[in-house]
Amino acid sequence: MRIFDPHLHASARTTDDYEDLHAAGVRAVLEPASWAGQPRTSAGSQVDYFETLLGWEPFRAAQYGIAHHCALGLNPREANEPGCAEILDELPRFLARDRVLAVGEVGYDAMTPAEDVAFARQVELAAGYGLPVLVHTPHRDKALGVRRSIDLVRESGIDPELVVFDQLDEETAPLAADAGFWLGFTVYPEAKLSPERLVGFVQEYGPERVLVNSAADWGRTDPLLTRVAAEAMLAAGFGAERVEGVLWDNPVRCYGRSGRLRLEVGPVADHHGGNSIRRG
């Protein structure tokens, strides 16, 4: 079974994780730009981070037979840092790069005026480049944040087929579904969805517009939970073809709209920028 994890912060994981992901059937990942735990303070640090997601990380993933792409943007947590907000002026030149499949993660954290500006500007950029936009739903006041996000996205006029609302739950999934967006569900230890809850969402909303991810990052997360979710769907009576349709075909269809998705991992060089993942 092939799996495409459409939200995995692979740069926060080890090379052992890549090996385990490949063994579990993961053949492609999308890494959205995120915050590093301690907020960045300048556009320069954002530029270096973006270059890592476009260079070193695809090289590292390819060593294990995994196609790595990214979504780039100013995440809402750092939109409130004036130095970071300057990256919005630099973002267009990055959105033209081949491995960028979407703009994201964008959205709300504390729902400040600065977040309003950054969110609206980035949705406008996504529409202009014909790229999907990955919307982060806030951890606090989630329903309020999702309603505000829906209003902003609708006002932008972007095609709903290009919009993913991620990390949804029982309260917010109906809102995103009614708006016609892609429904993103994160299987995550304790904090988000269990595999059993994920199965319930697929049963309720159908398999056609659902994206399943691990959102694995530097915290207590598990990048293999997409495979666990697949096993839970099989155990619930979904056929293998339908399960692969959710975990592979759906993200391919969603992010393939960028026109940049390349799922084949060709010949892999031993070094990137003079560096190898094998040390010593």
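Quick caveat, the model's predicted, so the values are computed rather than measured.
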Undergrad: Given side chains that start at C-beta, do those of S11 and L53 come closer than 4.5 Å, heavy atoms only?
TA: yes
Undergrad: Is it the case that the side chain of S156 and the backbone of I158 share a donor-acceptor pair, with hydrogens and angles ignored and the cut-off at 3.5 Å?
TA: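 Such a contact is found between S156 side chain and I158 backbone.
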Undergrad: Does one hydrophobic cluster hold both L175 and L134, with members joined at side-chain heavy-atom distances below 4.5 Å?
TA: no
Undergrad: Donor-acceptor pair, distance only, cut-off 3.5 Å: does the side chain of H9 make one with the backbone of P32?
TA: yes
Undergrad: Write down the atom of I3, the atom of A24, and the distance for their closest heavy-atom approach.
TA: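 Shortest heavy-atom contact: CD1-O, 3.8 Å.
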Undergrad: Which distance, rounded to the nearest 0.5 Å, do you find between the CE of M1 and the CZ of R227?
TA: 5.5 Å
Undergrad: Is there a side-chain contact between F50 and I87 in this structure, where contact means two heavy atoms from C-beta onward sitting under 4.5 Å apart?
TA: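 They are in side-chain contact.
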Undergrad: For the hydrophobic clusters of this structure (ILVMFWY residues joined by side-chain heavy atoms under 4.5 Å, transitively), does one cluster hold both L144 and L168?
TA: yes
Undergrad: Are Y108 and D116 close enough that a side-chain donor and a side-chain acceptor fall under 3.5 Å?
TA: yes
Undergrad: Does V103 form a side-chain contact (heavy atoms from CB on, under 4.5 Å) with L72? I'd like the steps, not just the answer.
TA: CA-CA 5 Å; V103 177; L72 296 183; over 6 Å; no
Undergrad: Taking all atoms of both residues into account, what is the closest heavy-atom pair of S42 and C84, and its distance?
TA: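 Taking S42 first and C84 second, the nearest heavy atoms are N-SG, 3.9 Å.
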Undergrad: For G206 and V210, which heavy atoms make the closest approach, and how far apart are they?
TA: O-CG2, 3.3 Å
Undergrad: Going hydrophobic residue to hydrophobic residue with side-chain gaps under 4.5 angstrom, can you get from L101 over to F59?
TA: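 Cluster IDs for L101 and F59 differ.
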Undergrad: Looking at T137, is its backbone amide N or carbonyl O close enough to the side chain of D166 to form a donor-acceptor pair, meaning the two atoms are under 3.5 Å apart?
TA: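 It does not hold such a pair.
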Undergrad: Could you walk me through whether E161 and R209 satisfy the salt bridge (Lys or Arg N to Asp or Glu O under 4.0 Å) test, starting with their C-alpha distance in whole Å, then the side-chain angles of each, then the deciding distance to 0.1 Å, before giving a yes or no?
TA: CA-CA 10 Å; E161 285 284 339; R209 298 183 64 78; 2.9 Å; yes
Undergrad: Any side-chain heavy-atom pair from F201 and L193 closer than 4.5 angstrom?
TA: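 When only atoms from C-beta onward are counted, L193 and F201 do touch, with a gap below 4.5 Å.
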Undergrad: Can you find a heavy atom in the side chain of V228 that is under 4.5 Å from one in the side chain of V187?
TA: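 No, side chains not in contact.
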Undergrad: Locate the shortest heavy-atom distance separating P6 from L30; write the atom from each residue and the value.
TA: O-CD2, 3.5 Å
Undergrad: Thinking salt bridges, do E170 and R197 make one under a 4.0 Å N-O criterion?
TA: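 So E170 pairs with R197 through a salt bridge.
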Undergrad: Might you point out which heavy atoms bring G107 and P76 nearest each other, and give the distance in Å?
TA: O-CB, 3.2 Å
Undergrad: Between V163 and V135, is there a side-chain heavy-atom distance shorter than 4.5 Å?
TA: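 Contact flag for V135/V163 side chains = yes.
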Undergrad: Tell me the salt bridge (Lys or Arg N to Asp or Glu O under 4.0 Å) pairs involving residues 22-49, sequence neighbours left out?
TA: R40-E78
Undergrad: Is there a side chain to side chain donor-acceptor pair (under 3.5 Å) between H139 and Q167? Walk through the geometry before answering.
TA: CA-CA 9 Å; H139 302 293; Q167 299 181 338; 4.9 Å; no
Undergrad: About how many Å separate NE2 of H136 and CZ of F119, when rounded to the nearest 0.5 Å?
TA: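 With rounding to 0.5 Å, CZ (F119) is 10.0 Å from NE2 (H136).
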Undergrad: In terms of side-chain heavy atoms, does S34 have a donor or acceptor partner in N75 at a distance below 3.5 Å?
TA: no
Undergrad: Is there a path from W248 to F185 through hydrophobic residues (I, L, V, M, F, W, Y) whose side chains come within less than 4.5 Å of each other?
TA: no
Undergrad: Can you list the steps and then say if L211 with C254 is a side-chain contact (heavy atoms from CB on, under 4.5 Å)?
TA: CA-CA 9 Å; L211 299 174; C254 176; 4.1 Å; yes
Undergrad: Using side-chain hydrogen bond (donor to acceptor under 3.5 Å, both in side chains) as the criterion, list what pairs up with R2, not counting sequence neighbours.
TA: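 Here the qualifying residues are E244.
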Undergrad: Got V246 and F238 here, is their nearest side-chain heavy-atom distance under 4.5 Å?
TA: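 A side-chain contact under 4.5 Å is absent here.
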Undergrad: Would you indicate whether the side-chain heavy atoms of D5 and V212 approach each other to under 4.5 Å?
TA: no
Undergrad: Say you draw a straight line from CZ of F165 to CH2 of W182; how long is it, rounded to the nearest 0.5 Å?
TA: 15.0 Å
Undergrad: Looking only at heavy atoms, what is the nearest atom pair of A10 and E57, with distance?
TA: O-OE2, 3.6 Å
Undergrad: Run through V100, L261, D98, V29 and flag the one making a side-chain contact (heavy atoms from CB on, under 4.5 Å) with H69.
TA: L261
Undergrad: With a 4.5 Å heavy-atom cut-off, do N213 and L8 have their side chains touching?
TA: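 Heavy-atom side-chain distance check fails, nothing below 4.5 Å.
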Undergrad: Given the rule in the side-chain contact (heavy atoms from CB on, under 4.5 Å) test, do F181 and V153 qualify, once you have shown the distances and angles that lead to the verdict?
TA: CA-CA 10 Å; F181 303 141; V153 170; 3.8 Å; yes
Undergrad: Please identify each residue that fulfils side-chain hydrogen bond (donor to acceptor under 3.5 Å, both in side chains) with R97, with sequence neighbours left out.
TA: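 Per chain and number, R97 pairs via side-chain hydrogen bond (donor to acceptor under 3.5 Å, both in side chains) with E51.
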Undergrad: Walk me through it: do D217 and R13 pass the test salt bridge (Lys or Arg N to Asp or Glu O under 4.0 Å)?
TA: CA-CA 7 Å; D217 57 16; R13 311 303 305 190; 5.4 Å; no
Undergrad: Using the rule that two of Ile, Leu, Val, Met, Phe, Trp, Tyr join whenever any of their side-chain heavy atoms come within less than 4.5 Å, decide whether Y129 and L88 are in one cluster.
TA: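 Yes, Y129 and L88 fall within the same hydrophobic cluster.
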Undergrad: Please evaluate residues V164 and V133 with respect to the criterion side-chain contact (heavy atoms from CB on, under 4.5 Å), reporting the C-alpha separation (whole Å), side-chain torsions for both, the decisive distance (0.1 Å), and the verdict.
TA: CA-CA 6 Å; V164 179; V133 57; over 6 Å; no
Undergrad: Could you give all pairs that pass the side-chain hydrogen bond (donor to acceptor under 3.5 Å, both in side chains) test and reach residues 254-266, with sequence neighbours left out?
TA: D159-R257
Undergrad: Find the distance between OH (Y64) and CD (E19) and round it off to the nearest 0.5 Å.
TA: 5.5 Å
Undergrad: Give me each pair satisfying salt bridge (Lys or Arg N to Asp or Glu O under 4.0 Å) with a member in residues 123-147, each pair once, sequence neighbours excluded.
TA: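 The answer is D109-R140.
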Undergrad: Just to verify, what does Y18 make a ring pair (Phe, Tyr, Trp, His ring centres under 6.0 Å) with, not counting sequence neighbours?
TA: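 So Y18 forms no ring pair (Phe, Tyr, Trp, His ring centres under 6.0 Å) with any residue.
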Undergrad: Is Q122 reaching over with its side chain to a backbone N or O of L74, donor-acceptor style, under 3.5 angstrom?
TA: yes
Undergrad: Can you measure from CG (D17) to CZ (R60) and round to the nearest 0.5 angstrom?
TA: 8.0 Å
